[in-house]
Number of protein chains: 2
Amino acid sequence: MPDSTIYEVARLAGVSIATVSRTLRGTGPVSAATREKVLRAVEELRFTPSRLGVSLAEGRHAANGIVFPDLSGPYFGEVLLGYEEVAAELGRSVLILSTRDRAGVPETVKDLATRVDGLVVFGQTLPDALLTELIDSGLPMVMLAREAHPGTEAVRSENADAAEALTVHLIAHGHRAFALAGGHDEGDVSERWTAVARTLGEHGITAPRPVECPYTVEGGHEAGLELLKARPDVVMCADDQVALGVILAAEELGLSVPGDVAVTGWDDIMAARHARPALTTVRQPLRELGAAAARLLDELIAGAEPTATTRVLATDLVIRASCGAHQVHPPEEQ
Amino acid sequence: MPDSTIYEVARLAGVSIATVSRTLRGTGPVSAATREKVLRAVEELRFTPSRLGVSLAEGRHAANGIVFPDLSGPYFGEVLLGYEEVAAELGRSVLILSTRDRAGVPETVKDLATRVDGLVVFGQTLPDALLTELIDSGLPMVMLAREAHPGTEAVRSENADAAEALTVHLIAHGHRAFALAGGHDEGDVSERWTAVARTLGEHGITAPRPVECPYTVEGGHEAGLELLKARPDVVMCADDQVALGVILAAEELGLSVPGDVAVTGWDDIMAARHARPALTTVRQPLRELGAAAARLLDELIAGAEPTATTRVLATDLVIRASCGAHQVHPPEEQ
DNA sequence: ACGGGCAGTGGAAGCGCTTACAGCCCAGAG
DNA sequence: CTCTGGGCTGTAAGCGCTTCCACTGCCCGT
C-alpha cells in the first residue's frame, strides 16, 4: 500500500494541490467548505505528507545530528538523552553517529551532514581538519565538552575549579603521593589534570604524569595494576569507570580502599554510588549538557551568528567513602 | 556559502547533469576525458549531492529509526550501540526517538516514520493501535524484546530458561520465601515471572505477586522497603537497577545481603559487577540484540516478507555474591 | 450603478537529483 | 563505400511538496 500523494488528495477532494497544502499547513485562506472536503479526503486516503517532498521544498531537514565516540558508559547516553529531548521539543529529529573503533568516519560524517540542519560534536571525536571542513561548508555546529572552535558555539561543564577543590580535599586528608589514571592531551580531562597539577604545585607537591588508558573499567584495571606498584596515597581517575577499574585492581593486590589507597572518579555515574566503597567523584550535569547543546544549535540554525563562545555548566564535588572521608551520608536522592 | 548543485557542476564541466550523475554514481558509460572534467568540477565546487534530492529520486531514505523508552540505564544504550553499528555498516543512518515521560508520542512516531525506510521498536514502548497503524502503512518494522507482531520480525533474548535456572539455583540454596520486585504484564519481564512462578510451583512453593515499580534504582529502593517488611529469603528483581535499589533498601533496614536476604537482578549491567555484594544476575547479549534487529530490518527493507518470527538470543546465568553463593570468582573479563 | 478590494482558488515554477529514452558519431564489417 | 552497432551524451520526465502570482467572483462603499 504505497503512501498516497498530495495529488491524489487534491483529486479526491476536487481541488488543486495548492489548496491541499494550504489547508494542511494553515497558510493562506481556505473556505470552511473546502477545508472540510480536503480533510475528508486526507482522512480517507490516510495521507501523510512525504517528508522528502516537504524538506526539499522548504529547504530544510528539521533534523539535527550528533556525533559521539561511544555509548557504552553512562556518560554519552545521558547527554544524548538530554539532547534528544530538547530537539524533540523543538520539532526536530535526531540522527546519531558513533565513531568508536570505526573506519570511514569522515565519509560517514559527511553523509550525516547532508541529512541535518546542524550538528553537535563531542570534543575529541573528529579530526580538526574535518571539523574545519564542516564548519566551512556552512553547517551550524556546536561543540560539546570542548572549547569552541571558531565558527561554532560550545558547551562544557566546569573542570578546573572542581579539580582544584577535589585536590585540595585530598591534600587536606593528608594524601601526598598522587597518581593520575587516564590521560588525554585535549578536552575536559586535560583541563582537569592541568588544574590538579597547578594545585599540587601550590602545595609543594610534584604532579605525576597521567597514565594513559582507555576510559573503561578494563582500562582502569590495567592502569591501576601498574600505578599501584608505586603505592600512591591516592589515585585520581579521569572518570568513574576508570576509578572502578582501579578499585578492582586494588582489591586484587590486597590493598584496601580507602584504607591503603584512596581513589576518586569523575562524572558521578550510577555505579559510583553503588560501588563499595562508594566513589568520591565530581558530578557533571550530563543531561543539561545535551539540552544546552540542542538549544544552542537551534539558535544557530535559526540564523544566529556563531560567537565561538564556550558555555560552562557548574559541577558538584561529591564526597563519598573512596577518598577516605569516612563520614557516612544519609541515602542520597536521585 | 550555499552548497552547490549538480547543475553548477554540469555547467562548470561543460556537460549535462545526467553525465555528472552517471560519473558520480558509476552508472552508465562515461569517457575518461569527461569523467576527468566532471571530477575536477566537483572538486572545485566541493560538490556533495543533496541527500534530499537523491532520496526523493531514489524513493528511499537510507535511514532507519529506533524507538525506545529511555537511555538512562545501560540497557538501551548498549542495544542502540549494536544497532547503530550494524546500520552504519549497511550504509544507513539512524534516527532515534525516546518516549519516556513524553507527550505527543504518536505524532512524533509518525513523523519519524516518514523519515526512515524501517523502524525498530522496543516492546512496551508503543500502544498496540499505533503499532498496527504503522505496520498497515507498509513500513518495515522489527520488534525488540517482545514477541513478533503480525507483519513484523522480532528478536529478544531468552527469558524462561534462564529464569528457571536462576530460580532452581536459589531454591537449591535453601531459599523458600520469595519476593518479586518490578512487575509488568507484557514483554520480557512477564515471561520471566511466569517461568519463575512455574518453577516455584513445581517445588511446592507458592509464587508471590510481583510488586510493580519503575525499573530504576529509586523504584527498586521503594519497592524494597515495602517488600522487605515481610522478611523474604530472597528478592528477585526485574532488572539490575531495581536490584541495586533493593540492596540499598536492605542496607537501610539493617539487613545484610546476602546474609539476611538474597537479591538477584537481570541484564548484568556494569554496576552489577561492581556492587557490593556483587550482583547475581542474567547476562543479556545487549549489543547483539541491537545488531540482530538492524539486520532483520535490513532484510525487510530489501523486500523480504515479514514472517512474524521471534528470534531468541541466548542468555547466561551469572552467579555472584548477592544470592548467597559465597564462592569467590576470579576477576571477570569484559 | 460602478469600481476597488479581498477572500478563495488554481497554475506553474521551482527544490536537486535519477534515469529512461533518444540521438549522435565513429569504427569495423560486409 | 555503405550499413550497423556500440559507446557516449543530452533531453526531459518524474519524485512530492511549497509558494508566488494571477485570476475570479462578490461584497461594499460611494
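In what follows, every heavy atom counts, from backbone to side chain, and hydrogens, waters and symmetry copies are set aside. Protein chains get the first letters and strands the later ones, always in sequence-line order, with residue 1 at the start of each.
Within the structure, every pair that satisfies the salt bridge (charged side-chain N to carboxylate O under 4.0 Å, His left out) test and touches residues 117-129 of chain B, not counting sequence neighbours, is listed here: B:R92-B:D117, B:D128-B:R146.
B:E288 has no carboxylate O lying under 4.0 Å from a charged side-chain N of B:R311, or vice versa, which leaves the two without a salt bridge. Taking 4.0 Å as the cut-off between side-chain N and carboxylate O, B:R295 and B:E299 do not count as a salt-bridged pair.
Remark: the A:S93 side chain and the B:R115 side chain contain an N/O donor-acceptor pair separated by less than 3.5 Å. A:E153 and A:T307 share a side-chain donor-acceptor pair at under 3.5 Å.
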Decide side-chain hydrogen bond (donor to acceptor under 3.5 Å, both in side chains) for A:S72 and B:E78; before the verdict, give the C-alpha distance in whole Å, the side-chain angles of both, and the deciding distance to 0.1 Å.
-> CA-CA 6 Å; A:S72 268; B:E78 284 293 324; 3.2 Å; yes
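Partner of B:R287 under the side chain to side chain contact (heavy atoms under 4.5 Å, CB included) criterion, chosen from B:L81, B:L80, B:V86, B:V79: B:L81. Between A:L112 and the choices A:L134, A:L97, A:I96, the side chain to side chain contact (heavy atoms under 4.5 Å, CB included) rule is met once, by A:L97.
What separates CG of B:D111 from P of D:dC17 is a distance of 14 Å, to the nearest Å. Spacing between atom CZ of B:R60 and atom P of D:dG14 amounts to 23 Å, rounded to whole angstrom units.
DNA chain C is contacted by A:V30, A:S31, A:T34 of residues 30-39 of chain A, taking any non-hydrogen atom closer than 4.0 Å.
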Contact pattern, 5' to 3', of nucleotides 11-21 of chain C - B, S or - by protein heavy atom under 4.0 Å | B--BBBBBBB-
